[in-house]
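First comes the structure, then the notes that go with it.
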Amino acid sequence: MTDGAYDADVIVVGAGLAGLAATAELAEAGRKVILLEQEPASGLGGQAHWSFGGLFLVDSPEQRRLRIRDSHELAWQDWLGSAGFDRPEDHWPRKWAEAYVDFAAGEKRAWLHRQGVRFFPVVGWAERGGYEATGHGNSVPRFHITWGTGPGLVEPFARRVRAGAARGLVELRFRHRVTGLARSAGAVDTVTGDVLEPSDAERGTPSGREVAGAFELRAQAVIITSGGIGGNHDLVRANWPERLGRPPERMLSGVPAHVDGLMLGVTEAAGGRIINRDRMWHYTEGVDNWNPVWPRHGIRILSGPSPLWLDARGRRLPVPLFPGFDTLGTLEHIMRTGHDHTWFVLTRKIIEKEFTLSGSEQNPDLTGRSVRDVIGRALPGAPGPVQAFMDRGADFIVERSLGDLVRRMNQLTKEPLLDEAALRREIVARDREITNSFTKDLQVTAMRGARKYLGDRLIRTASPHRLLDPEAGPLIAVRLSILTRKTLGGLETDLSSRVLTESGEALPGVYAAGEAAGFGGGGVHGYRSLEGTFLGGCIFSGRTAGRAAAKAVG
């Protein structure tokens, strides 16, 4: 327990999902914790609050009810095929990956279930890959949506932390920005920083950085759970890998501006090692939020497999770069075209069934746990949030004729890059394949294959039809931009979440979890994610860090 010279047993920096998981474990082990967060109290839960709440589970009851045959062996094969571990510094990330797949195929669901987490019965099939069996992608649907989305997943961990506070074991200090870590007796035990001016900013909105004072706190251990760099576009560009082409000139932000990477630099200055800086995860289906919360706020379209995906000049993206198949493969292709944007072209019939918008606020039925409203998705018409983007979104164009659609698409970009005659030939050719029971068009094959899965047939994949069929119209075009999201690299940690130094030794007293640690080890995903693994990575690494630190200071 706390020595008189210490303010707490452990200081946790960052009140996102990983920080809450770590703090909950520490408090339940009887340790005294100070949880520091630079944002106001409205920001408790961090980025996880805004998420769709998707979790990667293996061989779950939800899968089995849908006749999905999954296994630990298949999941590990998919993970390795996606991660592509190929560096000496992948030693700990690979060990974390093994541990995480064990967790996802083992106690994860039951452990969360005991805390009150429930799941939507239809399992999503994200990141389908489309390559060989040992390549990237999920071989089966594994994307389990939390009933209540992000807020529903944050809730049990926030409840456990508040219970710790009620027992006098947890002290939450908001508006505390850490700027330094120091040693006073061998181990890192001193945390310094700025006390920021109070703010009543709503969750996610800019909260101000005016300094009201300074603080210095001491503890036997420090856990870094401060997130990544997705809100800092300059840092994203500085770390952008050559393999993904040139960095975009224009990007949208999938995370609030305070996700700036500051604490990563502070920990590195104290001796921690950051690895895999060039591994990152950004989405290619971003649209400007017509009702933004933070600067450059973008929303990702989670689409079924049917929209025609075109580059800026109207050429179809190559196989297998269909919606929902290979995020980073698509990003790499786009950035080598010389343009930052692409297009979806689809019909009313497709958008009504296949468009879901990422984020808790864009799914009020799931977030509000309304069975009636969820059932309403099966009714005619686009979901309310999607319709709002069709009506108000700057990137959405709705027209009856292809000529009018192309004209307005060209008006939306700096220069008119699309040729109506060429695009019409492409669409007509694709439509001919739809009317034939045979096809050489692999996207058509993928659409038909998707409908063999009950979950996709029910709510995710429209019945194949001609794009130029008037009965399926009107036509819709959506301009898509690059949307920043996750840092896949981070602070290197061992399997006890201890931060390592350049020499490979543990940095005494310092642990890391969540995105700051690359979701475990400094890059548990390797080069690519299987989706549903970011929130789960925060929970697993936060739990591990909390338990390890509790044992170390006991």
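Predicted model only: the values in this text are computed from it and were never measured.
Using a cutoff of 4.0 Å between basic side-chain nitrogens and carboxylate oxygens, Asp189 and Arg183 are not scored as salt-bridged. Ionic pairing of Glu37 and Arg173 is not present here: no N-O contact between side-chain nitrogen and carboxylate oxygen is shorter than 4.0 angstrom. Ionic pairing of Arg160 and Glu28 is present here: one or more N-O contacts between side-chain nitrogen and carboxylate oxygen are shorter than 4.0 angstrom. A salt bridge does not link Arg31 to Glu25: none of the charged nitrogens lies less than 4.0 Å from a carboxylate oxygen. Checked for salt-bridge contact, Asp260 and Arg177 miss the test: no charged N lies under 4.0 Å from a carboxylate O. Salt bridge present: Asp340 and Arg246 bring a charged side-chain N and a carboxylate O closer than 4.0 Å. Using a cutoff of 4.0 Å between basic side-chain nitrogens and carboxylate oxygens, Arg243 and Asp278 are scored as salt-bridged.
Looking only at distances, no side-chain donor or acceptor of Ser496 sits under 3.5 Å from a matching main-chain atom of Arg498. Although no hydrogens or angles enter the test, the distance criterion places a donor-acceptor pair under 3.5 Å between the side chain of Thr23 and the main chain of Gly19. The main-chain N or O of Ala513 is never found under 3.5 Å from a side-chain atom of Ser541 such that the two would form a donor-acceptor pair. Using modelled atom types, no side-chain atom of His113 and backbone atom of Arg109 make a donor-acceptor pair closer than 3.5 Å. Under a 3.5 Å cut-off, the side chain of Arg175 and the backbone N or O of Pro198 do not form any donor-acceptor pair. In this structure, the side chain of Asn276 engages the main chain of Gly522 through a donor-acceptor pair within 3.5 Å. Using modelled atom types, no side-chain atom of Trp290 and backbone atom of Met390 make a donor-acceptor pair closer than 3.5 Å. Distance alone, capped at 3.5 Å, is enough to place a donor-acceptor pair between the Thr225 side chain and the Val13 backbone. When atom types are taken as modelled, the side chain of Asn289 and the backbone of Asn291 share a donor-acceptor pair closer than 3.5 angstrom. In terms of modelled atom types and a separation under 3.5 Å, the side chain of Asp7 and the main chain of Ala219 share no donor-acceptor contact.
Among Phe519, Phe534, Trp96, the one residue that satisfies the ring pair (Phe, Tyr, Trp, His ring centres under 6.0 Å) test with Phe540 is Trp96. Of the residues listed (Val222, Ile34, Thr179, Val266), the one engaging Val191 in a side chain to side chain contact (heavy atoms under 4.5 Å, CB included) is Val222, and it is the only one. Under the ring pair (Phe, Tyr, Trp, His ring centres under 6.0 Å) rule, Phe56 has a single partner from Phe143, Phe119, Trp79, Phe103, which is Trp79.
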Exercise for the section: May I have the step-by-step check of side-chain contact (heavy atoms from CB on, under 4.5 Å) for Val374 and Leu366, ending in yes or no? Expected result: CA-CA 7 Å; Val374 169; Leu366 291 165; 3.9 Å; yes

Exercise for the section: Go through the steps to decide whether Trp240 and His282 satisfy the test ring pair (Phe, Tyr, Trp, His ring centres under 6.0 Å), and finish with yes or no. Expected result: CA-CA 11 Å; Trp240 192 272; His282 306 305; 5.6 Å; yes

Problem - Step-by-step salt bridge (Lys or Arg N to Asp or Glu O under 4.0 Å) determination, Asp90 to Arg94 - result: CA-CA 6 Å; Asp90 284 332; Arg94 182 179 173 121; over 6 Å; no

Practice task
Output, in order, the C-alpha distance, side-chain angles, deciding distance and verdict of ring pair (Phe, Tyr, Trp, His ring centres under 6.0 Å) for Trp294 and His258.
Solution key: CA-CA 10 Å; Trp294 53 80; His258 65 257; 8.4 Å; no

Practice task
Could you walk me through whether Val478 and Val287 pass the side-chain contact (heavy atoms from CB on, under 4.5 Å) test, one step at a time?
Solution key: CA-CA 8 Å; Val478 185; Val287 292; 3.7 Å; yes

Practice task
Evaluate the side chain to side chain donor-acceptor pair (under 3.5 Å) criterion for residues Ser481 and Arg250: first the C-alpha distance (whole Å), next the side-chain angles of each, then the deciding distance (0.1 Å), finally the verdict.
Solution key: CA-CA 8 Å; Ser481 300; Arg250 176 181 179 271; 2.7 Å; yes

Exercise for the section: Output, in order, the C-alpha distance, side-chain angles, deciding distance and verdict of side chain to side chain donor-acceptor pair (under 3.5 Å) for His233 and Ser253. Expected result: CA-CA 8 Å; His233 289 194; Ser253 285; 2.6 Å; yes

Exercise for the section: Check step by step if salt bridge (Lys or Arg N to Asp or Glu O under 4.0 Å) holds for Glu107 and Arg543. Expected result: CA-CA 13 Å; Glu107 67 170 312; Arg543 186 182 84 155; 3.0 Å; yes

Handout entry: Test log, rule side chain to side chain donor-acceptor pair (under 3.5 Å), inputs Thr487 and Glu515
Key = CA-CA 6 Å; Thr487 310; Glu515 192 173 355; 3.3 Å; yes

Exercise for the section: May I have the step-by-step check of side-chain contact (heavy atoms from CB on, under 4.5 Å) for Ser51 and Leu535, ending in yes or no? Expected result: CA-CA 9 Å; Ser51 73; Leu535 295 171; 3.4 Å; yes

Exercise for the section: Apply the test side-chain contact (heavy atoms from CB on, under 4.5 Å) to residues Ile539 and Leu112: give CA-CA distance (whole Å), side-chain angles for both, the deciding distance (0.1 Å), then the verdict. Expected result: CA-CA 10 Å; Ile539 291 168; Leu112 290 171; 4.3 Å; yes

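To the nearest 0.5 Å, the span separating CG on Leu262 from CD on Gln38 amounts to 7.0 Å. Considering CG of Leu480 and OG1 of Thr342, their distance stands at 4.0 Å, rounded to 0.5 Å.
Nearest approach of Ala22 to Ile223, heavy atoms of both residues: CB-CD1, 4.2 Å. Of all heavy-atom pairs spanning Gly526 and Arg279, the tightest one is O-CD, 3.1 Å. Scanning all heavy atoms of the two residues, the minimum distance from Val293 to Thr205 falls at O-CG2, 3.3 Å. A pairwise comparison of heavy atoms in Phe157 and Ala21 identifies CD2-CA, 3.9 Å as the closest pair. Between Leu172 and Ala165, the closest heavy-atom pair is CD1-CB, 4.2 Å. Between Met280 and Arg277, the closest heavy-atom pair is CE-O, 3.9 Å.
Residues Ile299 and Leu252 are not in side-chain contact: their nearest non-hydrogen atoms beyond the backbone lie 4.5 Å or more apart.
Of the N and O atoms on the side chains of Glu361 and Thr367, not one donor lies less than 3.5 Å from an acceptor on the other residue. Checked by atom type, the side-chain pair Tyr100/Lys108 shows a donor-acceptor distance below 3.5 Å. For Lys486 and Gln47, the side-chain atoms include at least one donor-acceptor pair closer than 3.5 Å. For His341 and Thr413, the side-chain atoms include no donor-acceptor pair closer than 3.5 Å. Judged by distance alone, the side chains of Arg377 and Asn363 do bring a donor and an acceptor atom under 3.5 Å apart. Glu202 and Ser42 share no donor-acceptor pair across their side chains, judged by distance under 3.5 Å alone. Looking at Ser497 and Thr493, their side chains never bring a donor and an acceptor atom within 3.5 Å of each other. Between the side chains of Ser207 and Arg209, a donor-acceptor pair is found at a separation under 3.5 Å. In this model, no donor atom of one side chain and acceptor atom of the other lie less than 3.5 Å apart for Arg528 and Thr327.
Taking the six-membered ring where tryptophan is involved, the planes of Phe215 and His176 are tilted, since the angle between them lies from 30° to 60°. Classification of the Trp281-Tyr283 ring pair by plane angle, with boundaries at 30° and 60°, yields perpendicular.
Annotation: salt bridge (Lys or Arg N to Asp or Glu O under 4.0 Å) contacts involving residues 291-303, sequence neighbours excluded, comprise Glu285-Arg300, Arg300-Glu531.
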